[in-house]
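Counting starts at 1 for both ligands and their atoms, in listed order. Computed from heavy atoms alone, side chains included, the values below leave out hydrogens, waters and symmetry copies.
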Amino acid sequence: MYMSLAVPDNGVDGAAGGDAARHVGTIIIGSGFAGLGLAIRLSKDGHRDYLVLERGSEVGGTWRDNTYPGAACDVPSQLYSYSFALNRDWTRSFSRGPEIQRYIQSVADRYKVREKHVFGCDVTSARWNDDLGRWELETTKGPFTADVAVFAVGALCEPALPDIAGIDSFAGEVFHSAQWNHDVDLAGKRVAVIGTGASAIQIVPEIAKKVAHLDVYQRTAPWLLPRVDREYTALEKFAFKHVPGYSELARFGIYAARETQVVGLAKYPALMKGMELLAKAKLRWEVRDPRLRSKVTPNFRIGCKRMLISNDYYPALGRDNVDLVTDAIDKIRPDGVVTADGVERPIDALVIATGFHVTDSPMFAGIRGRDGRTLAEVFDDVGQQGYKGSAVANFPNAFFLVGPNTGLGHTSMIYMIESQLNYVADAIHTMRRTGVRVVEVREQAQAAYNTALQRRLHGTVWSTGGCASWYLDKHGNNTTLWPGFTFQFRNMTRRFDLDAYETPE
Ligand code: NAP
C-alpha cells in the first residue's frame, strides 16, 4: 500500500511538528504534468519512498493556475494526454483549460498518487549538503531532507510583471493572467490588457464581449494562424472511446504532422514563408480596416516567437468597444494608462498578460548547490545550461523536469516530459541498483552537450527570425527550446548515462 502522509507528528499537515526534518528518498517539487507524471512513474516502478511537495492545493500546475477566461490549449487534444493514460473522452479537437484540469485530476485519482502529495507546501529553499550527501529543504510545512530532489516546477509559472512607472499606484482592480481574480466582474467596466501573447489573445475575445471598453496594449504584433477547433461529433467520440487503435492512430497522425514543422523552425527557416503566406491571408481576410491591419502586421519571420492560433482575436480587435494601442506605455496613473504620446486612457481594471519569468525564474535563487552558489548565480554566469534538460553541474542528485532546452513551440510538452520521466526514473533506478549514492553531471559532459546544442540553435528561426523573445536569455542564447525532432530527444533520454556523471564517494 502507499504510504500515508497523515502522520500527526511529522509537521507535514501543519500539525504539531518540530524542528526534525522528515527524510524521504526522492522529493519531487511541483505537481503539474511533469511532477505528477514522475510520481506515477515511480509508483508504477514499485518505489514507495518518495513525496511530492506542491505549493497549491491541487495537482495540475499551469492548468490549475491559468483559469483566465478563454484558457485553452493550442496543441490538439489527441496529443495532449499522457501516453500511458490516453484520454478517450475529449469533447473537442482543442481542449479548454477546465477539461484538461479535470483530466489531470482524474489521472492522479486513477493512479492513487494523491496520498503521496503534500499540498499547500511551498518549498522556500533547497540546499545540497555535501557532507551528508543529501538535499535539505525548507518548506512552509516544515523541513525535509531527501537523497534526490526533482524540480518539476514548470517554466511558465512565475508571473512576470512589467516594470512600468506608477503601476503600483493603480487604484482599480489589477491582476496577472495566471492569477485571474474571479471575484472581479469586468462587465460594464473600462479595462486594459497589457500584452498580446498566447494568454492575451485568448483573454481579449472573451472579455471584449462584456466590458464597456477595452484597450489592448501591444508591443509586438504576433503571428496568428487558424484554430481548427470544433466539438467532436457523436460518432467521433464513440470511435475514440470504443474503436481499438483509433485514438492512437489519430494521436500518431497529429504527432507526425506537427513534427514536420521542425524542418522549417529549426533547419530551414526560409521554409516558414509558406506559413507566413497563410497567416497573411488570414490577416487580410479578418482585418478589413487598413489602419488596424498595418498595426497587427508582424515585422519578423513567423515562428521566431511562438505562433499563435485564434479565430476570434482579430474580430475582437475590430469591435467598436476595443482599441489596439501600439504607442509605448509611459506610466500608469491611479485611474488610467498614459502612453508615450501623452494620451491618457482611463480604466477601471488592468489585466497584465505579460508572460512569465522563464530564463530568470525567482525560484533559481532558492536552490543552492555543492559549492554554495545558487542556481541563479550559476545561470547568471554561464546562462541557463543543463545536461539533457535534466541535470546541472554543481547540483548533485538534483534532476530538473522541463529544464533547460526542453521547451517546444510546435507540439506537446507532454511528449518531452515523458522522455524526461524515462531518464530520471532510470537514474533513480540505476542509483539503487548500483549502490551509487551521489551523481553529479560532469562539467565537461555538460559543456560538450551545450556547445553542440547552441551550434544547432544558431541557424534556427528563433535566432535568425528578427525578434526578441523569452526563448533567448540575457546572453542571447536560446536556453529554452529543443532544436530537433522530439523523437531525437526521446532516444537520447531513453536510459540514464551514468558515465556522464561524477560519482564522488
Ligand atoms: P508571452 O508569450 O511571454 O507574452 C507576453 C506578452 O506581453 C507579449 O505580447 C509581450 O510583448 C508583452 N509584454 C511583456 N512585457 C511587456 C511590457 N513591459 N510592456 C508591454 N508589453 C509587454 O506570455 P503569455 O501570453 O502568458 O504566454 C506564455 C507562454 O505560455 C506561451 O508562449 C505558451 O508557451 C504558453 N501558453 C500557451 C497557451 C496555449 O496553449 N494556448 C496559452 C497561454 C500561454 P513582446 O512580444 O514585445 O515581448
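Using modelled atom types, one finds a donor on one side chain and an acceptor on the other under 3.5 Å when comparing Tyr232 with Gln78. Looking only at atom types and distance, the side chain of Tyr255 has a donor-acceptor partner in the side chain of Thr486 under 3.5 Å away.
Ring-plane geometry between Phe395 and Phe400 is classed as perpendicular, the angle between the planes exceeding 60 degrees on a 0 to 90 degree scale with a lower cut at 30. Using a 30° and 60° split on the angle between ring planes, Phe399 and Tyr423 fall in the perpendicular class, above 60°.
Side chain of Asp335 to main chain of Ala171: no donor-acceptor pair is present (N/O by atom type, distance under 3.5 Å, no hydrogens or angles).
The ring pair (Phe, Tyr, Trp, His ring centres under 6.0 Å) test applied to Phe487 returns Phe485, not counting sequence neighbours.
Under 4.0 Å from any atom of ligand 1, one finds heavy atoms of residues Tyr68, Ala72, Cys73, Asp74, Leu156, Pro162, Ile194, Gly195, Thr196, Gly197, Ala198, Ser199, Gln202, Arg219, Thr220, Lys305, Arg306, Ala353, Thr354, Gly355, Phe356, Trp470.
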